Amino acid sequence: MKPTLYILAAGMGSRYGGLKQLDGLGPNGETIMDYSVYDALRAGFGKIVFVIRKDFEQEFRNKIISRYEGHVPVEVVFQSMDALPEGFEPAADRVKPWGTGHAVLMGKDVVREPFAVINADDYYGAESFQVLADFLRGAANKKNSYCMVGFHIENTLSENGGVSRGLCQVNADGFLTGVNECHGIQFVDGKLVQQLPDGTTAAFPEGALVSMNMWGFTPDYFGYTEQAFKEFLAEHGKELKSEFYIPTVVNNLIQAGTVTCKVESTPCRWFGVTYAADRPDTVAMFARLVEEGKYPSPLFK
């Protein structure tokens with residue numbers, strides 16, 4: 001059974017200033033997620049599912065999905081504020097859905113096999129997809145067996161500002177015990193620091209593994225996250241900016257002893273467009289990878 005790649009592409013891109021999911025950054029206008037799809041297919045994934053917003057569906061189909069015709073089956077699901085369990089409704093003034101945990105839940109009716117979750121606007125590297133595909137193929141007949149690809153912090157930074165990363169806590173057997181969200185991580189005067197909630201800074205451990213939202217799940221995850229989302233809505237559903245995140249669900253399941261999550265490290269360097277100023281470097285990086293023969297140009301013919 002080939003695993004499915006589930007791509008989170010419904011974000012606003014507020015810091016970037018536009019729909020960065022659709023921004024052509026490769027030599028022939030390829031988006032970051034085009035490279036992710038290409039790497040996933042090489043690693044053995046068999047289906048792609050995108051979660052997007054309904055308001056840019058046609059543009060997304062024209063610019064993105066049309067490229068994959070004849071290469072891989074593709075499905076689309078939608079994240080919206082009214083996509084809620086029965087008995088719940090959003091606050092009247094809320095303007096955005098509930099984050100990554102909510103976005104994954106939108107796929108519960110179309111994903112029946114082990115699946116990977118990634119962000120549309122992050123480049124993860126071919127080796128990362130291979131590690132994830134290998135794990136998911138081994139999990140085909142299992143339940144409650146998850147995986148997260150961990151990146152070395154130094155391979156995930158932006159030169160244009162601090163970044164938020166999930167610091168992984170890993171036990172001696174290589175399993176995740178928790179993810180702590182850290183913010184404003186960057187080098188200052190040659191030292192790696194993070195910004196604390198009170199505005200001060202503290203050292204961040206060099207060489208640490210961090211989460212870049214690259215997960216591997218078995219389908220039982222949907223049942224767990226749906227129940228967790230109901231509990232979340234009961235407590236926070238009327239808040240205007242509350243968000244429901246994947247790591248929160250995974251952390252709680254690990255702490256309860258319900259699931260395990262193996263951390264697989266990758267040597268790959270992440271890059272993306274967290275800030276608009278990141279764009280030129282990302283364009284240059286893709287051009288370099290094409291010149292080195294790592295990717296064809298165009299990617300899909």
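Values in this document were obtained by computation on a predicted structure and should not be read as measured data.
Listed here is the closest heavy atom pair of P97 and H102: CB-ND1, 3.7 Å. Taking all atoms of both residues into account, the shortest heavy-atom contact from S242 to W98 is O-CD1, 3.5 Å. For C168 against V210, the heavy-atom pair with the smallest separation is SG-C, 3.7 Å. Nearest heavy-atom pair across A43 and A133 is O-CB, 3.4 Å. Across all their heavy atoms, P296 and Y38 have their closest contact at CD-OH, 3.3 Å.
Ring pair F232/H236 is tilted by interplanar angle, where 30° to 60° counts as tilted.
There is a side-chain donor-acceptor pair under 3.5 Å between R165 and T156. Between the side chains of T177 and N171, no donor-acceptor pair is found at a separation under 3.5 Å. Side-chain contact of Y146 with D220: a donor-acceptor pair under 3.5 Å is present, judged by distance alone. Side-chain N/O atoms of D34 and T31 include a donor and acceptor closer than 3.5 Å. No donor-acceptor contact under 3.5 angstrom links the side chains of N251 and Q255, judged on distance only.
Taking the six-membered ring for Trp and the full ring otherwise, Y6 and Y221 have centroids separated by 6.0 Å or more. Residues H71 and F300 bring their aromatic ring centres within 6.0 Å.
Here the side chains of I254 and V259 are in contact, with some heavy-atom distance below 4.5 Å. Side-chain contact between L136 and C147 is absent, with no heavy atoms from C-beta onward closer than 4.5 Å. By the 4.5 Å heavy-atom criterion applied to side chains, N155 and W270 are not counted as neighbours. Between L209 and H152 there is a side-chain heavy-atom pair separated by less than 4.5 Å. Side-chain contact check for E159 versus D281: some heavy-atom pair is nearer than 4.5 Å. Counting heavy atoms from C-beta outward, F222 and F115 have side chains that approach closer than 4.5 Å. Considering only heavy atoms from C-beta on, N144 stays 4.5 Å or farther from T218 through its side chain. The shortest side-chain heavy-atom distance between K191 and F204 does not fall under the 4.5 Å cut-off.
Remark: Y35 engages F286, Y295 in a ring pair (Phe, Tyr, Trp, His ring centres under 6.0 Å) (not counting sequence neighbours).
For the pair K54 and F78, the cation sits on the ring face: its NZ or CZ lies under 6.0 Å from the ring centre, inside 45° of the axis.
Within a 6.0 Å radius of CD in E89, other residues, nucleotides and ligands contribute 12 heavy atoms or fewer. Within a 6.0 Å sphere centred on CZ of R137, other residues, nucleotides and ligands contribute more than 12 heavy atoms. Within 6.0 Å of CG in D198 there are more than 12 heavy atoms belonging to other residues, nucleotides or ligands.
The main-chain N or O of M212 is found under 3.5 Å from a side-chain atom of Y124 such that the two form a donor-acceptor pair.
One finds the CZ atom of R112 at 8.5 Å from the NZ atom of K47 (value rounded to the nearest 0.5 Å).
Within the structure, no pair that satisfies the ring-ring contact (aromatic ring centres under 6.0 Å, His included) test touches residues 170-191, not counting sequence neighbours.
Salt bridge annotation for R61-E57: present, with a cationic side-chain nitrogen under 4.0 angstrom from a carboxylate oxygen. With salt bridges taken as basic N to acidic carboxylate O contacts below 4.0 Å, none links E113 and K2. Note on R53 versus D55: salt bridge recorded, some NZ/NE/NH1/NH2 to OD/OE distance being below 4.0 Å.
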